[in-house]
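Heads up, the thing below is written out as structure tokens.
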2 protein chains.
Amino acid sequence: MRSRTTPDTPRTGRPRSAEADEAILEATRAALVELGWSKLTMGDVATRAGVAKTTLYRRWANKNELVVDAVAVLFDQLELPDLGSLQADIEHVVLQFAGLLERPETKTALMAVVAESTRDAPLRERIRASIVDRQKRLVLDGRRRAQERGELPSEREPLTADAIDDLIFDVVAGAVVHRALVSAEPVDAQWVARLSALLVGGLGAVAALG
Amino acid sequence: MRSRTTPDTPRTGRPRSAEADEAILEATRAALVELGWSKLTMGDVATRAGVAKTTLYRRWANKNELVVDAVAVLFDQLELPDLGSLQADIEHVVLQFAGLLERPETKTALMAVVAESTRDAPLRERIRASIVDRQKRLVLDGRRRAQERGELPSEREPLTADAIDDLIFDVVAGAVVHRALVSAEPVDAQWVARLSALLVGGLGAVAALG
DNA sequence: CCATTACGCTACGACCCGTAGCGAAAGGCT
DNA sequence: AGCCTTTCGCTACGGGTCGTAGCGTAATGG
């Protein structure tokens, strides 16, 4: 966590209510499901959480940061069990990610906060730290495992390896998001099978570039 | 075009001002550059366009539809010149698309309207018709040319061919958008070269699935 | 018991929304 | 020409949200 506006925890005075924290985040998710991003208001969230509006503003400066924190915890579920092959690992994590994007909270919130982040560097950093990096770690773990199995060669140039990791991440995450939110079509097993085949088949060609 | 709210063009009465139309769309783009999506207001756009606020609402029901129309024309620039090879065609169109996403108008607007469209089916359809389909046609043209050159086999199953088109489209568009807006890193020639190598190398593996 | 901070509550100015009502302008129709 | 119809600019309005200020009260630590 460690993300909301808590610059220096004071050692004196009444402490912040942890129950209020969780109630606010839960109320935010509920409001996202019910109203969506654009119709969600701070006053409504406060009412749902049984909390005064001023209590919200003591913790989050604006709607953007509140929603990022409310949605971020959902991405903690993402895991990468070792299924024995690169293709199986890819398919599993893609289906997991797609499952998250099916949820109405994330569907309406994720794109909205990313859109806002194009003009708000601190927000972009907050999203990166609490959501994006968590996904990216799965790519790194997947590549490491595939190398240990001998499915992928160990890249000699660390700079190139990083660039390929970045590419894979943008391709996988971007494709799933685009399929789910822009094309608005289901991320089903067949589509995932084709995507992972494309990746596994294409990785060799990319590595050959050097 | 043919997108704004003009259900049945009446043949009587004072006609709508075409100058006002263009002034409003231009003012909308300017406001997007200067203020971004979230701080753009209908009143401000009207003032910039030198037009009354009521004139806006006679044409567009809300901010979402106005912004979609204002941004859509930018996507008319996308073209697919025949560069002689599939890889060259891919790299060219990806760089073109990335150039569009670099512009502050599209950067702030595209994700925002897509986010809104998750709860607004008519808006989603409007985006699809005026923006997404225009991009997708490039994919179809590119595949047809590659087949004519003998770079790609002609798929026997039309259903499979459509599914692969969909996949390619989501992968390319999704990867570029994710790279530009989420990872917030440049879509430069080297990244594009790796992406197109991944695609060209992986297409064979996907086709082998049947 | 005192300093300090969080809390709930109320109230407030500022802003934006979307619409109504008006008189004037700009076309088509006969 | 005269009439009809629709658009235009303008003003004004109720309704809603924002983010903050001010207050008295509650909950900690020294």
- prompt: Hey, which of these two, M42(B) or R14(B), hits DNA chain C nearer its 5' end, going by closest nucleotide?
  reply: M42(B)
message: Would K63(A) and W37(A) count as a cation-pi pair here, with the cationic atom under 6.0 angstrom from the ring centre and within 45° of the axis?
response: yes
field: Spacing of E19(B) atom CD relative to dG27(C) atom C1', expressed in whole Å
entry: 14 Å
- line: The reported gap from CG in L95(B) to CG in L100(B) (rounded to nearest 0.5 angstrom) is 11.5 Å
message: Nearest whole Å is fine: how far is dC16(C) C1' from W37(B) CH2?
response: 14 Å
message: Distance criterion of 3.5 Å, no angle test: do you see the side chain of R16(A) paired donor-to-acceptor with the base of dA6(C)?
response: no
query: Just how far, in rounded Å, is P of dG19(D) from CZ of R59(A)?
result: 17 Å
query: Which whole-number value in Å describes the distance from I24(B) CD1 to dG9(D) P?
result: 8 Å
statement: S17(A) and R59(A) have their tightest heavy-atom pair at O-NH2, 3.2 Å
message: From NZ of K63(A) over to C1' of dC16(C), roughly how many Å is that when rounded to an integer?
response: 14 Å
- prompt: Is the base of dG8(C) touched by the side chain of K53(A) through a donor-acceptor pair closer than 3.5 angstrom?
  reply: no
- prompt: Which value, rounded to the nearest 0.5 Å, describes the distance between R16(B) atom CZ and R58(B) atom CZ?
  reply: 7.5 Å
- prompt: For the base of dC8(D), is there a side-chain donor-acceptor partner from S17(B) under 3.5 Å away?
  reply: no
- line: Whole-Å distance, L56(A) CG to dC9(C) P, equals 14 Å
- line: CZ (R143(B)) and CD1 (I168(B)) are apart, to the nearest 0.5 Å, by 10.0 Å
query: Roughly how many Å is it from NZ in K39(A) to C1' in dG18(C), rounded to a whole number?
result: 13 Å
- prompt: Taking the nucleotide of DNA chain D with the closest heavy atom to each, which residue, T54(A) or T41(A), is nearer the 5' end?
  reply: T41(A)
query: Rounded to the nearest Å, what distance is computed from the CG atom of residue D44(B) to the P atom of nucleotide dC17(C)?
result: 9 Å
Under 3.5 Å donor-acceptor pair, R58(A) side-chain atoms to dA6(C) base atoms: no
